[in-house]
Colleague: 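So that we are looking at the same thing, I have put the structure below in structure tokens.
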Amino acid sequence: SWKEAIKKLTSSGIKVVRCSRTLGPVNRNGSNNDDSLNTIAGNSLSCDKARILLMLALTQTNNNEEIQNYFYPVAKNQEIVLTNSPIKND
């Protein structure tokens, strides 16, 4: 099943963000249990935007809980602060 495939990917260290290709948010532990699948909920982001945010989050951490926290402010239109960003502001 697709859930077994996702578990296999996440157990090998690959990060998986669940997003919707249609209107509507993908809430954490909503229709699928993100805790058991070890996935990250994309909330209201499109697949493209979630991929970009995941790439940015991975510059800061590899921890799923911390990465998930990057997706919560976006759902509320709040600013995300990258503390250890390799990008220098001059």
Side-chain angles (χ1 to χ4, degrees):
S1 76
W2 69 269
K3 288 184 181 182
E4 291 171 5
I6 295 293
K7 283 184 181 181
K8 187 175 180 180
L9 289 171
T10 58
S11 67
S12 69
I14 296 173
K15 303 298 180 195
V16 175
V17 179
R18 292 187 317 107
C19 295
S20 175
R21 290 175 39 187
T22 61
L23 294 176
V26 174
N27 296 320
R28 181 145 188 88
N29 295 322
S31 59
N32 293 290
N33 190 332
D34 292 296
D35 292 335
S36 69
L37 293 172
N38 201 25
T39 55
I40 300 157
N43 289 321
S44 59
L45 291 180
S46 67
C47 298
D48 297 333
K49 290 178 181 179
R51 179 176 182 257
I52 292 169
L53 182 56
L54 176 61
M55 289 189 292
L56 285 170
L58 287 170
T59 68
Q60 305 297 301
T61 184
N62 200 34
N63 180 288
N64 270 22
E65 288 181 28
E66 292 177 22
I67 293 172
Q68 181 67 69
N69 288 333
Y70 283 105
F71 285 81
Y72 291 134
V74 173
K76 298 176 183 175
N77 289 328
Q78 296 175 347
E79 183 177 318
I80 297 173
V81 178
L82 300 175
T83 56
N84 297 319
S85 177
I87 301 170
K88 302 293 181 198
N89 294 328
D90 293 330

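For reference, positions follow the sequence shown, starting with 1. Side chains are part of it too, since the values below use all heavy atoms of this structure and drop only hydrogens, waters and symmetry mates.
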Colleague: Atom CG in N69, atom CD in E66: separation rounded to 0.5 Å?
Modeller: 7.5 Å
Colleague: Which atom pair, heavy atoms only, marks the closest approach of V17 to A50?
Modeller: CG1-CB, 4.0 Å
Colleague: For a quick test of reading the model, state the closest non-hydrogen atom pair linking C19 to C47 and the distance between them.
Modeller: CB-SG, 3.6 Å
Colleague: When you measure from the side chain of K15 to the backbone N and O of N62, does any donor-acceptor pair fall under 3.5 Å?
Modeller: yes
Colleague: Does any part of the side chain of I52, heavy atoms only, come nearer than 4.5 Å to the side chain of M55, both counted from C-beta?
Modeller: yes
Colleague: Of all the heavy-atom pairs spanning L56 and T59, show the shortest one and how long it is.
Modeller: O-OG1, 2.5 Å
Colleague: Taking C-beta and beyond as the side chain, do N43 and Q68 meet within less than 4.5 Å on heavy atoms?
Modeller: yes
Colleague: Transitively linked via ILVMFWY side-chain contacts under 4.5 Å: V16 with L58?
Modeller: no
Colleague: How close do A57 and Y70 get, heavy atom to heavy atom, and via which atoms?
Modeller: CB-CD1, 3.6 Å
Colleague: Measure the CG-CG distance between L9 and L37 for me, rounded to the nearest 0.5 Å.
Modeller: 11.0 Å
Colleague: What's the shortest heavy-atom distance between T39 and N64, and which atoms?
Modeller: N-ND2, 4.4 Å
Colleague: Quick check on the hydrophobic clustering: are L45 and L54 connected, directly or via other members, by side-chain heavy-atom contacts under 4.5 Å?
Modeller: yes
